[in-house]
Engineer: 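Quick one: this structure, given as C-alpha cells, is what I'll be asking you about.
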Amino acid sequence: MDQPTRPIDALEETVRQRAADSDASKSYTAKLLAGGVEKIGPKVTEEAGEVVEAAAEPGDEGRAHFVYEVGDLLYHTLVLCRWRGVDLSEVEAELARRFGTSGIAEKESRPKTS
Ligand SMILES: N=c1c2ncn([C@@H]3O[C@H](COP(=O)(O)OP(=O)(O)OP(=O)(O)O)[C@@H](O)[C@H]3O)c2ncn1[C@@H]1O[C@H](COP(=O)(O)O)[C@@H](O)[C@H]1O
C-alpha cells in the first residue's frame, strides 16, 4: 500500500509548483521566490527568532505557539531551499549521512584552524 504523503512533502511540491508557474501578485511563495535570498533570508532569520522566543513560553498555549512558529520556520526554509535549487531529499540524505556520528566526535575531527 502507498504511504500517505507527508505534509512536508506536499508543501515542498506546492513550493516547487509556485516556483515553476506562479504569479507573485497571487502567491506569497512566488513573491518570496522572486525576491531571492535578500527577501527570503530575513524571513528565515525572523522566524527562527520567533521559534526561540516561543520555546520559552509556558503552558499549553505556549506549546501550541511554539509549534505554529516552527511551522513558519519550516515553510520559509523550504522556500529558501527551492530558491537555492535544493530538494528536501538532499537535506534528508545529509541528516542520514550523520547518523551514528556523535556531534562531539564530529567537532573534534574537524581540521584545526591556527
Ligand atoms: N505554509 C505556508 C505558510 N506559512 C506561513 N506563511 C505566510 O508567511 C507569512 C509570514 O508571516 P508574517 O507574520 O511574518 O507575515 P508578514 O509580516 O505579513 O510577511 P512579510 O510581508 O513581511 O513577508 C504570512 O503571510 C503567512 O501567511 C505561509 N504561506 C504559505 N504556506 C503554504 O504555501 C502554500 C502556497 O501559498 P501561496 O504561495 O501563498 O499560494 C499554502 O497553501 C500553504 O500550504
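One-based numbering, in listed order, for ligands and for the atoms of each.
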Engineer: Quick check on contacts: which atoms of ligand 1 are under 4.0 angstrom from a heavy atom of E46?
Structural biologist: 14 (O)

Engineer: Quick one: pull up CG in L11 and OG1 in T29 and give me the separation to the nearest 0.5 Å.
Structural biologist: 7.5 Å

Engineer: Taking the side chain from E90 and the backbone from D87, do they hold a donor-acceptor pair closer than 3.5 Å?
Structural biologist: yes

Engineer: Would you compute the distance between atom CZ of R18 and atom NZ of K31 and round it to the nearest 0.5 angstrom?
Structural biologist: 14.0 Å

Engineer: Which atoms of ligand 1 have any heavy atom of T14 under 4.0 Å away?
Structural biologist: 34 (C), 35 (C)

Engineer: Got a protein heavy atom sitting under 4.0 Å from atom 6 (N) of ligand 1?
Structural biologist: yes

Engineer: Where the closest heavy atom to atom 14 (O) of ligand 1 is concerned, which of K26, K39, K43, R18 has it?
Structural biologist: K43

Engineer: Applying the side chain to side chain contact (heavy atoms under 4.5 Å, CB included) test to V51, which of D72, V70, L74 qualifies?
Structural biologist: V70

Engineer: Taking all atoms of both residues into account, what is the closest heavy-atom pair of T101 and E106, and its distance?
Structural biologist: CG2-CB, 3.8 Å

Engineer: Salt bridge check: are R6 and E13 linked by an N-O gap of less than 4.0 Å?
Structural biologist: no

Engineer: Please check atom 28 (C) of ligand 1 for a protein heavy-atom neighbour under 4.0 Å.
Structural biologist: yes

Engineer: For ligand 1, which part of Y28 has a heavy atom less than 4.0 Å away: the side chain, the backbone, both, or neither?
Structural biologist: both

Engineer: Could you tell me, atom by atom, which parts of ligand 1 come under 4.0 Å of a heavy atom of L11?
Structural biologist: 32 (C), 33 (O), 44 (O)

Engineer: Check whether L78 and V37 end up in the same hydrophobic cluster, where Ile, Leu, Val, Met, Phe, Trp and Tyr are linked by side-chain heavy atoms less than 4.5 Å apart.
Structural biologist: yes

Engineer: Would a search of protein heavy atoms around atom 18 (O) of ligand 1 find one under 4.0 Å away?
Structural biologist: no

Engineer: If we ignore angles and hydrogens, is there a donor and acceptor under 3.5 Å between the side chains of H65 and E61?
Structural biologist: no

Engineer: What protein heavy atom is closest to atom 36 (O) of ligand 1, reported as residue, atom name and distance in Å?
Structural biologist: T29 OG1, 3.5 Å

Engineer: Could you tell me which non-hydrogen atom of I40 sits nearest to which non-hydrogen atom of L32, and how far apart they are?
Structural biologist: CG1-O, 3.4 Å

Engineer: Tell me, which protein residue and heavy-atom name are nearest atom 33 (O) of ligand 1, and how many Å apart are they?
Structural biologist: Y75 CE1, 3.6 Å

Engineer: With atoms numbered from 1 as shown, which atoms in ligand 1 lie under 4.0 angstrom from a non-hydrogen atom of E47?
Structural biologist: 10 (C), 14 (O)

Engineer: Report yes if some N/O of K31 lies less than 3.5 Å from some N/O of ligand 1; otherwise report no.
Structural biologist: no

Engineer: Enumerate the atoms of ligand 1 whose separation from the nearest heavy atom of D72 is less than 4.0 angstrom.
Structural biologist: 4 (N), 5 (C)

Engineer: Would you confirm whether any non-hydrogen atom of the protein falls under 4.0 Å from atom 2 (C) of ligand 1?
Structural biologist: yes

